[in-house]
Amino acid sequence: MSAAEPVRRTAGDLLRERGELTDDVVAVKVRGRLVDLHTPVPADAPIEVVRRGDPDALPVIRHSAAHVMADAVQRLFPGTQVTIGPAIDQGFYYDFDRPEGPFTDKDLAAIENEMRRIIKAKKPFYREEVSRDAAHRLFEGMGERYKLELLAAIPPDETISLYRHGSPGRPEGTWVDLCEGPHVPHTGHLGAVKLTTVAGAYWRGDERNPMLQRIYGTAFPTEEELKQHLELLEEAKNRDHRKLGKELELFMFHEFAPGMPFFLPRGASVYHRLIDFVRQLYVELGYEEVITPQIFDKRLFEVSGHLENFLENMYLPITAESLEAARKGDVGGVHFLTQKPMNCPSHCLIFAQRRRSYRELPWRVADFGRLHRYERAGVIHGLARVRSFCQDDAHIFCTPDQIESEIAAFNRLLFAVYRAFGFENVEVKLALRPEKRLGTDELWDRAEGALEAALVSVGVPFEKLPGEGAFYGPKLEFHVTDALKRSWQLGTIQLDYALPERFDLEYVGPDGAAHRPVMLHRAILGSLERFYAIYLEHVAGKFPTWLAPEQAVLVTVSERQAEYAEQTQRELTARGLRVALDAGPDKLGAKIRTARLMRHPYIAVIGDDEVAQKSVSVRSRDAGELGKMSVEAFAERLLGEARPPEVIR
RNA sequence: GCCAGCUUAGCUCAGUGGUAGAGCAACGGUUUCGUAAACCGUAGGUCUCGGGUUCAAAUCCCGAAGCUGGCUCCA
């Protein structure tokens, strides 16, 4: 630092001068930005103190924990190189290049112990700002080639900062990392740490790069909070849709069809009711539904561009005849077939089936067709990521000046639907042009602009995702998170100028001339399979009465009431209700237990009293004991809840 | 696809080189019972599959499949 430069004081210095520096201060916030105590701040800036218990302290603690972990790793496993190690939502990770290969669970335990030693020693963190050259020399000397690569990627005008923390047992006394911060004042702030898993991760997230060893962990100010976090994870596991799907007999998988769910009778019942719900919306919103083929000649997907852009995700079925021809080398006898991964090309064929008038637009065509996409092994995940699924898919063919209102209307609809299912936290993302795409830049400018304009007009906050659009157009994505806080896309709306062009679609305008329509691809629930997964977790297996496979279960106190119970079941079923019956020899307590585990909305007990009074004793899953009521009153109550939620007013 | 782990009865899980186990579920019997598990009994397994090492493999080694946690890719 040259003499001419004014002395720059750190946030820590300022607080100390003001006598506000207590040991529980982890960092500060300056104009909304999280800054640690080691970093110089403008003397006149308003400072907000962040203490150990504050939510803002967590990322600081975790990022520091990542450093301490890397320190421990390098101490225990010399020759291991460090790369990056950020704080994340649930904790932190650090990626290492370890020549000896992956870490084992035993290694994790050893690393954790080493971390505890460093934490216990309450070693201070230091920040220093250095020149690019000095940093280069430092990491070159240490043989940290990943850090050199990171250093080279820092823009020239940015400050280069190093963070050290005291490391008991290291010859140089400290462990150093190229890092922006922020970090805690000393290692003692890392109250409770836990390393959770090891995983492979590509350097810089590119699968062509070498695979690094990632260690995930988490950290909290206190053991108590860590314990709570671990309990929360345990609870989340209990509502994992894969576990619930098995327990509630909703769906299954088999290795003969990996990634392709089998919906069991109870699960299929829910699935069909979801479709019914969407179908009802379609009636009200002016959609028409079609049914289209599964398997096509390859020419369809040549025209659509899928063969060029989506081939690695497509199944190519083959007939025995073609297989035989191929074996004989008879190329002309081989029929190249394609299993559809999307419905849009079919709908283009239907649009082009006859002359279309502008008076028909917007034409909204829906399709619950089953789609198949080949997904690489390792990416499939319960119902949330499958190889065979169906979307509540529809395409809107419209004129260019109908785009914005269609998109805005769809946005409003989608939020209303999600709200009806109890999803309040929906994240909206605008996915922009990918590298591999159809159409000119000018078309993409227009398409992206239109989506953004619609979002602005509806007034929802959104995030832009460069390069994430579909190959035929930009998309709006609507995301919600699963029980384990993984974010999944549900609905989408995509704007497409390319397919109408490729299929040479036209409508006759008021001027009598041919015009090119625009296509909107949209789904509300998205993949029904994925929606099913997320929703099942969202309600923890407790489907509302309108969706539940059985809306009530009748249980008898003894087998003596079986006849009356059967008659009651028939009466309720005749009124369109779904009612199960448990008239077996078990004791009432056991039947209640079974019924509760199956999460039936209502349990109706039938004993001698009920038979005599022509009643049932009702217990609601959500509202508790309701007492005796007539069968008629029970039916009325069920019928009142059996209607799907109203979305459109 | 890549890295790591897992796979034992329908389900949840014990079993680390020497005769495959438990609980629940199923089935049979007894009990006829009032709001989260009655009692007794019976049956059920090529220990995912294929190779290898060994006198001997659920157990050790190699390969495959499926699943799990990540990475990459995506609804």
Side-chain angles (χ1 to χ4, degrees), chain A residues 88 93 95 98 101-105 107-108 196-216 237 240 242-243 246-247 249 252-259 310 312-313 341-342 371 373-387 389-393 431 434 468 470 475 477-479 484 486 488-492 494 521 523-531 533-534 555-562 583-598 603-610 617-619 624-625 627-628:
Chain A
I88 53 176
Y93 68 79
D95 285 347
R98 185 186 179 208
F103 296 98
T104 64
D105 284 353
D107 294 339
L108 283 200
T196 47
T197 72
V198 286
Y202 301 105
W203 168 234
R204 305 200 134 179
D206 189 327
E207 65 181 324
R208 289 162 302 192
N209 285 341
M211 181 151 285
L212 306 171
Q213 307 306 325
R214 174 172 299 181
I215 302 179
Y216 281 93
K237 264 190 197 160
D240 188 312
R242 292 164 298 186
K243 184 173 148 75
K246 206 183 273 184
E247 286 173 4
E249 291 194 61
M252 59 168 254
F253 289 90
H254 194 280
E255 66 167 298
F256 287 174
F310 209 68
E312 68 269 24
N313 286 297
M342 296 185 192
L371 305 177
R373 297 186 190 170
Y374 175 72
E375 300 286 353
R376 297 154 101 192
V379 307
I380 51 187
H381 176 93
L383 286 184
R385 183 84 182 269
V386 289
R387 287 172 169 158
F389 61 105
C390 135
Q391 296 175 307
D392 56 347
D393 194 16
E468 306 264 310
K475 46 183 187 174
E477 302 178 353
F478 301 84
H479 293 247
L484 296 170
R486 284 176 288 226
W488 297 96
Q489 179 186 326
L490 293 180
T492 179
Q494 311 170 1
H521 307 239
I524 305 167
L525 306 181
S527 141
L528 286 165
E529 279 70 10
R530 176 175 296 175
F531 181 82
I534 305 279
V555 306
T556 55
V557 173
S558 80
E559 286 173 284
R560 224 175 17 247
Q561 298 88 24
D586 284 340
K587 292 181 69 170
L588 180 60
K591 292 183 188 177
I592 298 276
R593 180 181 140 84
T594 308
R596 289 192 53 120
L597 287 174
M598 291 307 275
I603 302 172
V605 175
I606 296 173
D608 287 340
D609 295 355
E610 285 79 7
S617 279
V618 179
R619 179 203 273 218
E625 204 66 55
K628 278 204 185 76

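Chain naming here is simple, since letters A, B, ... match the order of the sequence lines and numbering starts at 1 in each.
The CD-C1' distance, from Glu255(A) to rU68(B), rounds to 16 Å in whole Å. Distance CG (Leu588(A)) to P (rA37(B)): 10 Å, rounded to an integer number of Å. In this structure, the CE atom of Met598(A) is 23 Å from the P atom of rU35(B), given to the nearest Å. To the nearest angstrom, P of rC33(B) lies 12 Å from CG of Asp609(A). Atoms CD (Glu207(A)) and P (rC74(B)) sit 10 Å apart, rounded to a whole Å.
Counting heavy-atom neighbours within 6.0 Å of Lys237(A) NZ, excluding the residue itself, gives a total of 12 or less. Within a 6.0 Å radius of CZ in Arg208(A), other residues, nucleotides and ligands contribute 12 heavy atoms or fewer.
Arg619(A) has a side-chain polar atom (N or O) that falls below the 4.0 Å cut-off from OP1 or OP2 of rA36(B). OP1 or OP2 of rG69(B) sits under 4.0 Å from a side-chain N or O of Arg242(A). Checking the phosphate oxygens (OP1, OP2) of rG69(B), a side-chain nitrogen or oxygen of Arg486(A) falls inside 4.0 Å. Proximity of His381(A) to the phosphate of rG69(B): a side-chain N or O atom is located under 4.0 Å from OP1 or OP2. In terms of phosphate contacts, Lys246(A) brings a side-chain nitrogen or oxygen within less than 4.0 Å of OP1 or OP2 of rU12(B). When the side-chain nitrogen and oxygen atoms of Arg560(A) are compared with OP1 and OP2 of rC33(B), one or more of them lie within a distance under 4.0 Å.
Residue Asp105(A) is classed as having no contact, given no heavy-atom separation below 4.0 Å to the nucleic acid. Within 4.0 Å (heavy atoms only), Gln213(A) reaches sugar-phosphate atoms of the nucleic acid but no base atom. If you check every strand for non-hydrogen atoms under 4.0 Å, Arg387(A) touches nothing. Contacts of Thr492(A) with the nucleic acid, taken as non-hydrogen atoms under 4.0 Å apart, are absent. When heavy atoms are screened at a 4.0 angstrom cut-off, Ala377(A) is found touching base atoms of the nucleic acid. Counting any heavy atom pair closer than 4.0 Å across all strands shown, Gly589(A) reaches sugar-phosphate atoms only and no base atom. Contacts of Tyr216(A) with the nucleic acid, taken as non-hydrogen atoms under 4.0 Å apart, involve only primed sugar atoms and P, OP1 or OP2. Among the atoms of the strands shown, only primed sugar atoms or phosphate atoms (P, OP1, OP2) are found under 4.0 Å from some heavy atom of Ala201(A). Residue contacts for Gly205(A): at a heavy-atom cut-off of 4.0 Å it reaches the sugar-phosphate backbone alone, with no base atom in range. Among the heavy atoms of the strands lying under 4.0 Å from Arg596(A) is at least one base atom, whether or not backbone atoms are also near.
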Can Lys591(A) and Thr556(A) be said to form a side-chain contact (heavy atoms from CB on, under 4.5 Å), step by step? CA-CA 8 Å; Lys591(A) 292 183 188 177; Thr556(A) 55; 2.9 Å; yes
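A salt bridge between Asp206(A) and Arg204(A) is absent, with no side-chain N of the basic residue lying under 4.0 Å from a carboxylate O of the acidic one.
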Distances for protein N/O vs nucleotides 14-16 of chain B N/O pairs under 3.5 angstrom?
none

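Listed for the Asp107(A) side chain is a donor-acceptor partner under 3.5 Å among the backbone atoms of Thr104(A). Judged by distance alone, with hydrogens and angles left aside, the side-chain atoms of Arg530(A) form no donor-acceptor pair with the main-chain N or O of Leu490(A) at under 3.5 Å. Under the 3.5 Å distance criterion, the side-chain polar atoms of Arg373(A) are matched with a main-chain donor or acceptor of Pro341(A).
Applying the Watson-Crick and G-U wobble criteria (two distances, each under 3.5 Å), rC2(B) pairs with rG70(B).
Taking the side chain of Pro102(A) as heavy atoms from C-beta on, and the options rU32(B), rU35(B), rC3(B), the nearest nucleotide is rC3(B).
Side chains of Glu247(A) and Leu597(A) form no contact here, defined as non-hydrogen atoms less than 4.5 Å apart.
Remark on RNA chain B: of its neighbouring residues Glu468(A) and Ile603(A), the 5'-side contact belongs to Ile603(A), judged by nearest-heavy-atom nucleotide.
For the pair Trp488(A) and rA75(B), the ring geometry does not qualify as stacking, because the centroid separation below 5.5 Å and plane angle under 30° are not jointly satisfied.
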